[in-house]
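First up is the structure itself, then whatever we jot down about it.
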Amino acid sequence: MQIATWNVNSLRVRLPQLLEWLRTNPVDVLALQETKLQDADFPVAALEAAGYGVTFSGQRTYNGVAVLSRAPVTDLVTEVPGFEDAQRRVLALTTSGLRIIDLYVPNGQALDSEKFQYKLRWLEAVATWVAAEARAHERLVVLGDFNIAPEDRDVHDPAAWEGGVLVSPAEREQLQRLLAATGLIDVFRRFEQPAKSYSWWDYRMLGFRRNHGLRIDLILASPALAKRCRGCRIDIAPRRLERPSDHAPVLASFDLDETTRDGAPRD
DNA sequence: ATGGTAGTCTAACTA
């Protein structure tokens, strides 16, 4: 079972790249962010033809999340309980025995901005919701664009970023609180990784060519699922293409067989 | 000290 997340920064622009990527990376579940499409404009037919069911919560111009899945979907949620929000940033569903929560965390713009306060309030509400989902679902994956680099090793130049959004103590603490409250695990760090591994590079200042990136796209798994995670990697190939998204996809593979070859339960 | 690029939609906002 392969699961991935990709902030495509406009699904309309990136659809050809997405279809090509799915051909060579036939993942079972793909969480998308920043689709920037109203539901009526979602490219249902093209993705169904590629072998995926589509579930989406869209908005014109900004935000928008979607999940592509090979297996049927149930129990769709597109609102954070008790949190009024016109912005389409969350999508939860169940497929293949897994609870999937796709998140597009607010960027926050600047630490002294109204948008940063919104980011913190949003994270607070989402943490409460995800904690409830974690209690209800043993096999939970929370993935997406978190717009938070968890640690300094996830930042190309921590000194240059100090005092900025994506790395500030306030939002990092919110992320750590979410992990502590839910037991969720950042599976990327469960495996040996190349040094300076990032998932997002600014379009400006030759960010990608100089590997001036941040790792802000995460796959979090519940303890029961993290135990079954067999790998996690960032695929930077799409970031090299003409007219790329500023984010690269992140993939994780899970071994969900209930038993080993000799029939004994695996743990 | 500021700007650089991309997407949406042609003005300015968001990232």
Side-chain angles (χ1 to χ4, degrees), chain A residues 5-21 30-43 46-47 56-66 85-91 102-123 126 143-150 154-168 170-172 174-175 198-218 234-250:
Chain A
T5 178
W6 193 5
N7 179 325
V8 289
N9 186 21
S10 171
L11 183 53
R12 185 175 278 126
V13 172
R14 233 62 68 189
L15 183 61
Q17 290 183 17
L18 173 60
L19 292 170
E20 178 58 23
W21 189 81
L30 175 60
L32 301 173
Q33 305 86 36
E34 284 204 90
T35 55
K36 299 186 176 179
L37 289 174
Q38 304 175 81
D39 289 349
D41 295 330
F42 199 88
L47 290 164
F56 42 86
S57 180
Q59 176 183 343
R60 85 189 261 280
T61 311
Y62 303 118
N63 310 309
V65 286
D85 193 2
Q87 301 187 29
R88 305 290 80 196
R89 296 180 174 275
V90 305
L91 200 163
D102 179 13
L103 299 181
Y104 175 45
V105 177
N107 172 284
Q109 199 163 68
L111 296 187
D112 59 359
S113 69
E114 189 63 43
K115 291 194 174 66
F116 189 68
Q117 292 311 308
Y118 164 68
K119 182 178 194 173
L120 295 181
R121 281 189 289 110
W122 189 95
L123 285 165
V126 165
L143 74 174
D145 177 358
F146 281 71
N147 268 317
I148 302 171
D154 301 310
V155 181
H156 72 92
D157 184 349
W161 277 84
E162 198 173 349
V165 293
L166 315 191
V167 305
S168 74
E171 61 205 273
R172 280 179 168 172
Q174 289 266 32
L175 175 60
Y198 308 124
S199 67
W200 170 83
W201 302 260
D202 200 303
Y203 284 123
R204 298 164 290 188
M205 305 294 286
L206 304 173
F208 182 66
R209 258 161 65 177
R210 302 199 284 183
N211 197 28
H212 287 183
L214 271 62
R215 190 176 70 93
I216 57 177
D217 299 273
L218 309 179
I234 299 168
D235 180 12
I236 65 168
R239 189 64 177 79
R240 293 198 168 99
L241 300 173
E242 290 288 329
R243 233 183 155 189
S245 167
D246 44 353
H247 295 252
V250 185

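When reading the values below, keep in mind they use all heavy atoms of this one structure, side chains included, and skip hydrogens, waters and symmetry mates. This structure is a prediction, so every number in the text was calculated from the model and none was measured.
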Atom pairs, protein N/O to nucleotides 8-12 of chain B N/O, distance under 3.5 Å:
residue, atom, partner, partner atom, Å
B:dT8, OP1, A:Ser10, OG, 2.3
B:dT8, O3', A:Thr61, OG1, 3.4
B:dC9, OP1, A:Thr61, OG1, 3.1

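- As judged by a 4.0 angstrom heavy-atom cut-off over every strand, A:Arg89 is placed among residues touching the sugar-phosphate backbone only.
- Across the protein-nucleic acid pair, A:Arg210 atom CZ and B:dT5 atom P stand 12 Å apart, rounded to whole Å.
- The gap from the C1' atom of B:dT10 to that of B:dA6 amounts to 16 Å, rounded to the nearest Å.
- Annotation for A:Gln87: atom CD counts as buried by contact number, over 12 foreign heavy atoms lying within 6.0 Å.
- If you take CG of A:Asp202 and P of B:dG7, they are 13 Å apart, rounded to a whole angstrom.
- A straight line from NZ of A:Lys119 to P of B:dA15 spans 10 Å, rounded to a whole angstrom.
- Summarising the geometry, the separation between CD on A:Gln38 and P on B:dG7 is reported as 19 Å, rounded to the nearest angstrom.
- Side-chain contact check for A:Tyr104 versus A:Val90: every heavy-atom pair is 4.5 Å or farther apart.
- Rounding to whole angstrom units, CZ of residue A:Arg204 and P of B:dG3 are separated by 11 Å.
- Of the two residues contacting DNA chain B, namely A:Lys115 and A:Tyr203, the nearest-nucleotide position lying further toward the 5' end is that of A:Tyr203.
- Nucleotides B:dG4 and B:dT14, compared at atom C1', are 16 Å apart to the nearest Å.
- One can place CD1 of A:Ile148 at 15 Å from C1' of B:dA15, the figure rounded to the nearest angstrom.
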Evaluate the side chain to side chain contact (heavy atoms under 4.5 Å, CB included) criterion for residues A:Asp235 and A:Trp6: first the C-alpha distance (whole Å), next the side-chain angles of each, then the deciding distance (0.1 Å), finally the verdict. CA-CA 10 Å; A:Asp235 180 12; A:Trp6 193 5; over 6 Å; no
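- In this structure, A:Trp200 places its CH2 atom 12 Å from C1' of B:dA6, rounding to the nearest Å.
- At a threshold of 4.5 Å between non-hydrogen side-chain atoms, the residues A:Glu171 and A:Phe146 do not count as touching.
- The environment of CZ in A:Arg210 is crowded: more than 12 heavy-atom neighbours from other residues, nucleotides or ligands sit within 6.0 Å.
- With A:Asn147 as reference, A:Ile216 is the one residue of A:Val165, A:Asn7, A:Ile216, A:Leu103 to meet the side chain to side chain contact (heavy atoms under 4.5 Å, CB included) rule.
- A distance of about 15 Å separates the C1' atoms of B:dA15 and B:dG3, rounded to the whole Å.
- B:dT5 and B:dA1 have their P atoms separated by 23 Å, with the value rounded to a whole Å.
- Checking side-chain atoms of A:Ser199 against main-chain N and O of A:Asp217 turns up a donor-acceptor pair under 3.5 Å.
- Within the 4.0 angstrom heavy-atom criterion, only backbone atoms of the sugar-phosphate kind lie near A:Tyr104; the bases stay farther away.
- When the P atom of B:dA15 is taken as reference, atom CG of A:Asp246 falls 12 Å away, rounded to whole Å.
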